[in-house]
Amino acid sequence: MNLQGRTFLKLLDYSAEEIEYLIDLAIKFKAEKKQGISHKICEGKNIALIFEKTSTRTRCAFEVAAADLGMHPVYLDPKSSQIGKKESIKDTARVLGSMFDGIEYRGFGQEIVEELAEFSGVPVWNGLTNEFHPTQILADFMTIKEIYGSLKNKKLVYMGDARYNMGNSLMVGCAKTGMHFTACAPKKYFPNAALIKECEKIAEKTGATLKFSEQPTDAVRGADIIYTDVWVSMGEPDSVWAERIKDLTPYRVSAEIMRAAGENCKFMHCLPSFHDLKTEIGREIFDKFGIDCMEVSDEVFESENSVVFAQAENRMHTIKAVMAATLAGDKL
Ligand code: CP
Ligand code: NVA
């Protein structure tokens with residue numbers, strides 16, 4: 001397997017073997033890091049990290065992974081570069097491509113990261129768009145592999161807004177790797193029909209199944225993983241809160257839902273999460289709507305079955321694997 005020179009824009013572009021290869025590489029890097037074994041295989045390279053939306057995990061993962069691989073990262077924040085306002089993506093791509101060996105992009109439409117990749121001439125990595133969050137899925141699947149030993153045939157139920165980056169990417173990832181995916185939400189929150197169709201075609205070959213349900217307790221029965229995400233994503237207007245709270249409260253991951261799934265079921269979340277009143281937005285929502293948690297109860301979030309911080313740690317190891325494979329694939 002040699003992924004040298006490839007971009008990493010969405011899981012649809014990668015085969016199951018390539019996805020598993022990146023996860024296994026991340027597991028190897030994690031073990032080496034824990035043993036203090038250095039792996040500076042990208043020494044001397046420079047990478048640009050473009051963030052048009054805020055981030056804790058993804059930014060830190062790219063910066064730490066870059067340092068561990070011997071690279072120099074340059075962070076471009078949501079406000080202080082010319083991107084989009086004074087300079088087009090196509091021009092930015094050609095400028096950055098001439099200075100950097102790789103570019104990470106977090107922002108809005110998937111077409112932006114695709115355009116960056118087309119015109120920069122260097123590997124581009126998707127750090128989250130409205131449509132997809134592929135590096136998150138690698139970390140999630142690495143965590144599932146660490147817990148269960150393999151991905152195939154595991155049942156993952158996604159509760160909440162499944163039309164956005166996390167629901168879409170998990171559905172693609174499950175289809176590719178032969179997992180059983182269920183989106184559980186009111187119908188209007190199911191992924192779009194074209195993407196479902198594409199995933200169904202993939203699933204025919206891998207043995208994956210895709211289901212769509214509006215009934216939480218039925219949907220989660222026998223689940224190995226229940227996954228959720230925030231009800232309102234970055235870049236969406238505050239005006240959608242009332243509708244989301246009304247529509248998605250029955251789909252909150254509560255202790256009752258976890259019990260319906262079975263005692264071994266793990267709880268996953270990409271984070272950040274609104275599970276208590278210790279955030280500004282959490283308190284604002286409490287003042288306005290009187291709810292003290294949103295997509296997951298604090299009890300489930302803090303329970304032994306919750307593996308959210310393992311997922312967060314694995315962001316760094318998997319992002320390292322993506323950068324190492326695409327920038328130094330011939331050294332691996
Ligand atoms: N999960 C995730 O992407 O987190 P950040 O927004 O903090 O990067
Ligand atoms: N759906 C969330 C994911 C955050 C990691 C968002 O786009 O804000």
Side-chain angles (χ1 to χ4, degrees), residues 8-11 26 49-66 73 75-78 104-110 112-113 125-144 158-173 183-185 189-192 195 225 227-241 244-245 247-248 251-253 267-275 278-282 285 294-296 301 306-320 322-323:
F8 189 75
L9 306 180
K10 55 188 184 302
L11 293 177
L49 308 178
I50 305 171
F51 281 82
E52 298 206 89
K53 290 176 178 170
T54 50
S55 167
T56 297
R57 275 147 291 274
T58 310
R59 176 187 175 180
C60 294
F62 269 100
E63 294 216 21
V64 172
Y75 173 68
L76 295 156
D77 73 27
E104 178 274 356
Y105 173 84
R106 162 172 288 200
F108 297 90
Q110 180 69 18
I112 301 174
V113 78
W125 311 296
N126 179 353
L128 177 146
T129 57
N130 296 344
E131 292 84 355
F132 295 114
H133 195 6
T135 63
Q136 177 72 50
I137 308 311
L138 288 183
D140 300 338
F141 283 15
M142 172 177 175
T143 310
I144 294 170
Y158 180 86
M159 308 276 291
D161 184 1
R163 312 164 295 186
Y164 221 71
N165 40 30
M166 286 309 304
N168 287 344
S169 307
L170 285 164
M171 178 170 73
V172 175
C184 184
Y189 296 95
F190 292 166
N192 78 58
L195 186 63
I225 303 112
Y227 202 117
T228 192
D229 180 20
V230 290
W231 290 342
V232 176
S233 287
M234 289 183 278
E236 294 196 286
D238 285 348
S239 56
V240 301
W241 272 114
R244 297 286 165 83
I245 289 170
D247 290 345
L248 296 173
Y251 299 86
R252 169 182 299 142
V253 183
F267 170 72
M268 296 183 95
H269 193 309
C270 53
L271 305 183
S273 160
F274 295 119
H275 57 95
K278 292 177 185 151
T279 63
E280 232 171 78
I281 293 176
I285 295 295
M294 289 188 243
E295 70 277 4
V296 56
F301 186 90
S306 170
V307 296
V308 297
F309 296 108
Q311 292 170 258
E313 178 188 335
N314 287 341
R315 296 298 309 284
M316 199 282 286
H317 306 298
T318 43
I319 280 172
K320 187 186 288 178
V322 170
M323 291 198 291

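Owing to the predicted nature of the structure, the values given are computational and were not obtained by experimental measurement. Every number for a ligand or one of its atoms is a count from 1 in the order of the listing. Atom set for the values below is all heavy atoms of this structure, side chains included, hydrogens, waters and symmetry mates excluded.
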Nitrogen or oxygen of Asp229 less than 3.5 angstrom from that of ligand 2: yes
Donor-acceptor side-chain pairing of Glu52 and Tyr105 below 3.5 angstrom: yes
Contact check: Met234 vs ligand 1, nitrogen or oxygen atoms, below 3.5 angstrom: no
Mutual orientation of the aromatic rings belonging to Phe274 and Trp241 [parallel < 30°, tilted 30-60°, perpendicular > 60°]: perpendicular
Donor-acceptor pair, side chain of Glu236 and main chain of Ser233, under 3.5 angstrom: yes
Pair Asn168-Glu131, side-chain donor/acceptor within less than 3.5 Å: no
Polar contact flag for His133 and ligand 2 (N/O pairs, less than 3.5 Å): no
Identity and distance of the protein heavy atom lying nearest atom 7 (O) of ligand 2: Asn165 ND2, 2.8 Å
Any N or O of Tyr164 closer than 3.5 Å to N or O of ligand 2: no
Side-chain (Thr318) to main-chain (Arg315) donor-acceptor, under 3.5 angstrom: yes
Part of Leu271 with heavy atoms under 4.0 Å of ligand 2, whether side chain, backbone, both or neither: backbone
Under 3.5 Å: donor-acceptor pair, side chain of Thr228, backbone of Met159: yes
Pi-cation contact, Phe51 with Arg59 (under 6.0 Å, within 45°): no
Pair His269-Glu295, side-chain donor/acceptor within less than 3.5 Å: yes
Best match, Arg315, Lys53, Arg57, Arg106: closest heavy atom to atom 6 (O) of ligand 1: Arg106
Per-atom contacts of ligand 2 with Met234, taking only distances under 4.0 Å to non-hydrogen atoms: 6 (C), 7 (O), 8 (O)
N or O pair under 3.5 Å between Pro272 and ligand 1: no
Ligand-residue contact atoms, ligand 1 with His133, heavy atoms, under 4.0 Å: 2 (C), 3 (O)
Close-contact set for ligand 1 against Thr56 heavy atoms, below 4.0 Å: 5 (P), 7 (O), 8 (O)
Ligand 1 versus Leu128: contacting region, heavy-atom distance under 4.0 Å: neither
Any side-chain donor near an acceptor of the partner, Gln110 and Asn126, under 3.5 Å: yes
Subset of ligand 2 atoms that lie under 4.0 Å from at least one heavy atom of Leu128: 3 (C), 4 (C), 5 (C), 7 (O)
